[in-house]
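For reference, the structure is listed below as structure tokens.
Computed over heavy atoms, backbone and side chain alike; hydrogens, waters and symmetry mates excluded. Just so we're on the same page: letters track the sequence lines, and every chain starts at 1. What you see is a predicted model; the values in this text were computed from it and never measured.
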Protein chains: 2
Amino acid sequence: MSTPCASIAVSTVIFTVRPTGPGGRHELWLPLVRRIREPYHHMWALPGGPLDGDQTLEDAATAYLRLTAGLDASHLEQLATFGGLTRSQGADERVVTVVYWAALPAQDAAAGEEDLNVTWLRATDLPPLAFDHSLVVAHALERLRDRIADPTVARSFLPAAFTIAQLREVHEAILGRSVDAPNFRRHVLRSGRLQDTGERVPGTPHRPPALYRFTADGAPDFFRSGPNPLHQETP
Amino acid sequence: MSTPCASIAVSTVIFTVRPTGPGGRHELWLPLVRRIREPYHHMWALPGGPLDGDQTLEDAATAYLRLTAGLDASHLEQLATFGGLTRSQGADERVVTVVYWAALPAQDAAAGEEDLNVTWLRATDLPPLAFDHSLVVAHALERLRDRIADPTVARSFLPAAFTIAQLREVHEAILGRSVDAPNFRRHVLRSGRLQDTGERVPGTPHRPPALYRFTADGAPDFFRSGPNPLHQETP
DNA sequence: TCAAAAGTGTTGCCGATACACCCATGG
DNA sequence: CCATGGGTGTATCGGCAACACTTTTGA
């Protein structure tokens, strides 16, 4: 087959949750890297780059993620592939970019902060980005909001042991709205995915919250766990 | 940038619904093409091929779809990109494949049936396919079941005017189970996406059903149309 | 004793489900 | 008149949202 030669690139939208809002409210943050050449010189872009010949797509996403954030993600998932002809008007060839999205626990994400060409910004308030990366981030945000009901995703933003309030704050940051604490508590406990460690967080100016862990198995989703998500069956 | 050169391919999983089951029950079908060279010579594979330099990804998917089914899809959507190193063990280079899925109305899909190297098979009962295409089809089926709640997707399997029973049969074929007719009727009517044409289908040995059309706007989904899919907000 | 957040109880609403029943047509 | 599928009515059940209330800690 006479396949024309094209460039394949891999980029990653890396999310983390930080208590940076007014009153300690949690917000979504992501790292961007500064373009050091044309096109879009000096603008911010998603971390990424060309795909090496001996890497899987996930390998490449992991490598660029480590380069940017200084560590590995606890969750990595493919978002979509972008291949419009006008993506990279400066380059001669067309570039097809496979985009992944990733989640980092908050305490780890501070590690890579030092690099001058990397900045962390609030995901919901970004400047215009290089290429079509503003659009890509919008897609990733939408996907994350759909996927946060999966406990596998929620856990990847948190340390191994956490309070239900922390888990709720992750949901609130991603959904962009507050969530009723009593109902949230019942929901996640009923899902069977949480296990009480028996420990509590001391030193709070109020009743000390219990620490939980995720269990390996259980319901696939925190929410929408009813018998049938769609209509019914008739035998 | 010294980007290594790799092949980019585009494949499409093309779905249609046909009344081929026992008692005229509807089933999901898809077209496959026979491999005419190594690797996987003589086996069935998804329609697709290399990406030309001046095509968008969607252009390529549309072109291979037309080549296989003889016409254009009424719905085309990206599924995922597969780039494992062991996908094409016969080829020297690695191949990254961007996979789309598509929906065709039933009456149109018979057109391309003639070609000797194309066959239509039941989507739920396929033989082993070339490459990792069995896995790809499984992913596409799962995605289709998630997306069928979107009226945009459901309409793409049907002609412009259709009965609610036909719409229900499309859902049944995709979900793989029967659906309660009275409740289904109420659901789709309540969604505001259907408009009565005033016409009816004559010649039936029973009460003639009404013909409907899709309206342009309305609820985004037939189902899960409640105020908040996830938990609640507290202002 | 108070403030604050953890955690519990309760109620009303609404959608999903199941299924009984009527309607309209051809044979 | 009967069979068949279209189409309507209705009762039940369970989850979710709202919110009042109790508990437990540090200050």
- When rounded to whole Å, the CD to P distance for the pair B:E199 and D:dG6 reads 18 Å
- Message: Hydrogens and angles aside, do B:T215 and B:Q195 bring a side-chain donor and acceptor to less than 3.5 Å of each other?
- Response: no
- DNA chain D: 5'-proximal contact among A:G203 and B:P208 (nearest heavy atom): B:P208
- Message: Go nucleotide by nucleotide along DNA chain D from the 5' end; which of A:R186 and A:R200 gets its closest nucleotide reached first?
- Response: A:R186
- Query: Between C:dC21 atom C1' and B:R185 atom CZ, what is the distance in whole Å?
  - Reply: 15 Å
- Rounded distance (Å) that lies between atom C1' of C:dG15 and atom NE2 of B:H187: 7 Å
- Query: Counting distance only, does the side-chain N/O of B:R66 pair as donor-acceptor with the main-chain N or O of B:L71 below 3.5 Å?
  - Reply: no
- Is the B:F184 ring parallel, tilted or perpendicular to the B:H171 ring (thresholds 30°, 60°)? perpendicular
- Message: Donor-acceptor check, side chain of B:S74 to backbone of B:S156, threshold 3.5 angstrom: yes or no?
- Response: yes
- Send over the distance from A:H206 NE2 to C:dG7 P, rounded to a whole Å. 10 Å
- Message: Quick check: on DNA chain C, is the nucleotide nearest B:R190 upstream (toward 5') of the one nearest B:P182, or the reverse? Name the residue that is more 5'.
- Response: B:R190
- Atom CG of B:L167 and atom C1' of D:dG6 are separated, to the nearest Å, by 15 Å
- Message: Without decimals, in angstroms, what is the distance between A:D196 CG and C:dA6 P?
- Response: 14 Å
- Figure out the CG/C1' separation between B:N183 and C:dC19, and round it to whole Å. 9 Å
- Task: State which of C:dA5, C:dC23, C:dA18 makes the closest approach to the side chain of B:R207.
- Result: C:dC23
- Message: Expressed as a whole number of angstroms, how long is the span from B:L175:CG to C:dT17:P?
- Response: 11 Å
